[in-house]
There are 2 protein chains.
Amino acid sequence: MPIYAGLPPGTLVMLILRVLRQEPLHGYAIAQKIRALSSDQLSVEEGSLYPALQKLLANGWVKAEWTTSDTGRQVRSYRLTSRGLKQLETEQGDYQRMADAIAAIVEST
Amino acid sequence: MPIYAGLPPGTLVMLILRVLRQEPLHGYAIAQKIRALSSDQLSVEEGSLYPALQKLLANGWVKAEWTTSDTGRQVRSYRLTSRGLKQLETEQGDYQRMADAIAAIVEST
DNA sequence: CCGACATCCATAGCGTAGATAGGCATAGCG
DNA sequence: CGCTATGCCTATCTACGCTATGGATGTCGG
């Protein structure tokens, strides 16, 4: 009876864009980074991640490139585009407004 | 185009329980109160609200009673139960953990 | 050497939950 | 009398993350 095991719906794209803002990463590394930065609070399942990355590609928010990782393995590296950065800022703003609105209710007397 | 026009998924139950903590309210008034407390940022559609209230009733988190409103109208008033209060505290804790985890990522260098 | 395990990419189908779109009814007001 | 706001409710749609599954490659202990 899971309320929501993993991520709050609507935040996955924002979080992916956010971790890609600092440096290009491949899929698996994106999931690990989100997990690490949240101290294991948030987990990105692969069945969520890869479809999401397809969507980001389709919208032109990221560009993908097959490269060789430092472990000598073929990996698909995703880089944030300028459109992606703009989208990130929009989504962060939307999220912040929501979070503030909810906080206003929860903290109301 | 906002990703989510209304509420962030997973928060509706928490918000209903929260506004009922202060006083019993009928459905329509719940929606208005959430909207007002959030300065019109959050809107609860009736098609979301009433099914959610059924769920709260089924779980024993609220009790319903037909009463007469101050406008002389028959309304169904919902009152928070002790189980509902406990549920509210759980959900607020879960939400806060999520919000903190997301903030940690968004605010990471 | 080999099997176990972690890394890595990807898709199909499912479940949950809010949104949309209706239906029905009453009170107040011009 | 219509019009608007109030008030309750259900059927159906849709968005989105999850589960399950499949496959491939590198590493390391025994």
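Remember, predicted model here, so these are calculated numbers, not experimental data.
- C/dA12 is paired with D/dT19 under the Watson-Crick or G-U wobble criterion, all donor-acceptor distances under 3.5 Å.
- B/Leu12 has its CG atom 19 Å from the P atom of D/dA15, to the nearest Å.
- A search for salt bridge (charged side-chain N to carboxylate O under 4.0 Å, His left out) contacts involving B/Glu45 returns nothing, not counting sequence neighbours.
- A donor atom on one side chain and an acceptor atom on the other are not found under 3.5 Å apart for B/Gln92 and B/Gln96.
- Here B/Arg83 pairs with B/Trp61, B/Thr81 under the side chain to side chain contact (heavy atoms under 4.5 Å, CB included) rule; sequence neighbours left out.
- For the salt bridge (Lys or Arg N to Asp or Glu O under 4.0 Å) condition, the pairs that include at least one residue of residues 18-30 of chain A, sequence neighbours left out, are A/Glu23-A/Lys33.
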Quiz prompt | Protein-to-nucleotide contact annotation, 5' to 3' order, nucleotides 6-13 of chain D [B base; S sugar-phosphate only; - none; under 4.0 Å, heavy atom] | solution = BBBBB---
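- The separation between A/Leu42 atom CG and D/dC18 atom C1' is 15 Å, rounded to whole Å.
- Applying the side chain to side chain contact (heavy atoms under 4.5 Å, CB included) criterion to A/Thr11, with sequence neighbours excluded, gives A/Leu7, A/Pro8, A/Leu15, A/Tyr95, B/Ile102.
- Separating the CE atom of B/Met14 from the P atom of C/dT16 is a distance of 21 Å, rounded to the nearest angstrom.
- Separating the CG atom of B/Leu7 from the C1' atom of D/dA15 is a distance of 15 Å, rounded to the nearest angstrom.
- Every residue meeting the salt bridge (charged side-chain N to carboxylate O under 4.0 Å, His left out) condition with A/Arg79, not counting sequence neighbours, appears here in chain and number order: A/Glu65.
- Note: CZ (B/Arg35) to P (D/dA5) measures 13 Å, nearest angstrom.
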